[in-house]
Amino acid sequence: MARWRLPWRLTGFSTPVVGVQWEQHDGDHEVVRRVLNALEDRRILFAQYGAESPDRCIASAVQVRHILTDAMNTRGISDGLELALKDLRAVFTAFVDAMQSGDAQRHGVNHFGFTAALATLRSLVGERLAPLCAEYEIEIVGRLQLIVPDSSNWFFLNFSHGHDDYGFVREP
């Protein structure tokens with residue numbers, strides 16, 4: 001169940017004839033809605049693998065990181081939402097790091113490695129969006145449905161050997 005907050009915060013009170021001052025801010029629900037709207041327009045999350053290029057995907061992932069950082073800086077969001085957005089941002093950071101690793105820089109990103117990293121990114125983003133949308137009672141529509149696991153078919157990979165916490169291959 002989502003914790004709903006009022007879209008304003010009391011900042012002052014004055015008298016002779018009573019005066020109230022407040023500051024308006026976006027609630028958690030609105031922040032999640034804005035993030036979903038921004039992600040819904042990102043090809044990196046759903047375009048066919050053959051139509052993607054590593055450079056464009058890296059640039060898109062960096063832009064998404066900025067969007068998520070802006071969302072985290074929204075005044076008045078809950079600590080839980082901030083942590084969820086940080087976790088989502090970390091997935092995009094891990095993708096960029098994997099694409100810009102020392103091996104990738106020295107030998108170039110091969111198609112298989114790029115496709116695997118992109119598939120991992122999409123899977124991990126979908127797994128993080130589903131609980132957010134459920135908590136804030138936001139329906140996932142459009143192309144984002146392609147990456148969000150169906151609640152009856154959840155599975156989480158347990159990456160242990162040779163992978164970091166986000167499923168990307170670690171350098172030796």
Side-chain angles (χ1 to χ4, degrees), residues 1-15 17-48 51-52 55-99 117-157 164-168:
M1 183 80 161
R3 286 185 11 204
W4 299 101
R5 292 181 163 197
L6 294 174
W8 48 269
R9 181 175 64 106
L10 186 64
T11 60
F13 185 78
S14 62
T15 52
V17 182
V18 181
V20 178
Q21 299 168 344
W22 65 84
E23 178 180 80
Q24 187 170 354
H25 60 82
D26 294 331
D28 288 356
H29 184 272
E30 177 62 19
V31 172
V32 172
R33 190 192 63 75
R34 279 198 324 258
V35 166
L36 287 174
N37 285 341
L39 293 178
E40 196 174 52
D41 191 37
R42 293 290 161 181
R43 289 179 36 150
I44 188 175
L45 296 176
F46 45 77
Q48 291 186 2
E52 296 290 8
D55 291 339
R56 287 185 183 165
C57 286
I58 290 168
S60 182
V62 169
Q63 289 174 347
V64 170
R65 286 172 30 199
H66 292 298
I67 291 167
L68 294 170
T69 299
D70 289 345
M72 288 184 312
N73 289 331
T74 302
R75 175 174 269 152
I77 67 169
S78 69
D79 293 339
L81 178 56
E82 183 178 0
L83 286 173
L85 293 174
K86 280 183 182 180
D87 187 41
L88 189 56
R89 183 179 64 179
V91 171
F92 284 95
T93 300
F95 172 78
V96 171
D97 291 347
M99 293 292 94
L118 193 55
T120 301
L121 171 78
R122 291 173 178 180
S123 173
L124 293 172
V125 169
E127 290 171 3
R128 281 151 179 79
L129 289 181
L132 266 180
C133 292
E135 181 176 349
Y136 294 100
E137 299 173 358
I138 298 174
E139 184 179 354
I140 299 172
V141 295
R143 297 180 286 192
L144 280 180
Q145 290 176 340
L146 298 172
I147 64 166
V148 175
D150 181 13
S151 62
S152 64
N153 191 22
W154 277 91
F155 88 97
F156 295 92
L157 297 176
D164 63 17
D165 293 336
Y166 299 98
F168 293 100

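Residue indices begin at 1 and follow the sequence shown. The figures that follow rest on heavy atoms only: side chains count, while hydrogens, waters and symmetry mates do not. Because the structure is a prediction, the values reported are computed rather than measured.
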*Asks:* Answer with yes or no whether the side chains of T69 and R89 bring together a donor and an acceptor at under 3.5 Å.
*Replies:*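 Note: R89 and T69 side chains meet the donor-acceptor criterion.
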*Asks:* Could you report the tightest heavy-atom contact between C133 and I140, atom names first, then the distance?
*Replies:* SG-CG1, 3.4 Å
*Asks:* For the atom pair CG (L118) and CE (M99), what is the distance rounded to the nearest 0.5 Å?
*Replies:*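 Answer rounded to 0.5 Å: 8.5 Å.
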*Asks:* Quick check: do L132 and L81 have side-chain heavy atoms less than 4.5 Å from each other?
*Replies:* yes
*Asks:* What heavy-atom pair brings F92 and R65 nearest, and what distance separates the two atoms?
*Replies:* CB-CG, 3.7 Å
*Asks:* Whether the side chain of R43 engages the backbone of R56 through a donor-acceptor N/O pair (distance < 3.5 Å, no angle test) should be reported.
*Replies:*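 Not a single qualifying donor-acceptor pair exists.
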*Asks:* Go through the steps to decide whether F95 and I44 satisfy the test side chain to side chain contact (heavy atoms under 4.5 Å, CB included), and finish with yes or no.
*Replies:* CA-CA 11 Å; F95 172 78; I44 188 175; 3.9 Å; yes
*Asks:* Might you point out which heavy atoms bring R122 and E52 nearest each other, and give the distance in Å?
*Replies:* NH2-OE2, 3.8 Å
*Asks:* Are L85 and E82 side-chain neighbours, meaning at least one heavy-atom pair lies under 4.5 Å?
*Replies:* no
*Asks:* Which heavy atom of H29 sits nearest a heavy atom of Y136, and at what distance?
*Replies:* CD2-O, 2.9 Å
*Asks:* Quick one: side-chain hydrogen bond (donor to acceptor under 3.5 Å, both in side chains) partners of R33, sequence neighbours excluded?
*Replies:* E30
*Asks:* In Å and rounded to the nearest 0.5 Å, what is the CG to CG distance from D41 to L36?
*Replies:*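 One gets 13.0 Å once the value is rounded to the nearest 0.5 Å.
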*Asks:* Nearest 0.5 angstrom please: I77 CD1 to R75 CZ, how far?
*Replies:* 12.0 Å
*Asks:* Going by side chain to side chain contact (heavy atoms under 4.5 Å, CB included), name the residues that satisfy it together with I67, two or more places apart in sequence or in a different chain.
*Replies:* A38, R42
*Asks:* To the nearest 0.5 angstrom, please state how far the CG atom of L45 sits from the OG atom of S123.
*Replies:*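 L45 atom CG to S123 atom OG measures 11.5 Å (nearest 0.5 Å).
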*Asks:* OG1/T93 to CG/L88 distance, rounded to the nearest 0.5 angstrom?
*Replies:*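 If I round to the nearest 0.5 Å, the distance is 10.0 Å.
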*Asks:* Given D28 and T74, is the side chain to side chain contact (heavy atoms under 4.5 Å, CB included) satisfied, shown in steps?
*Replies:* CA-CA 9 Å; D28 288 356; T74 302; over 6 Å; no
*Asks:* Does atom CG of N73 have more than 12 heavy-atom neighbours, drawn from other residues, nucleotides or ligands, at distances under 6.0 Å?
*Replies:*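 Yes, enclosed.
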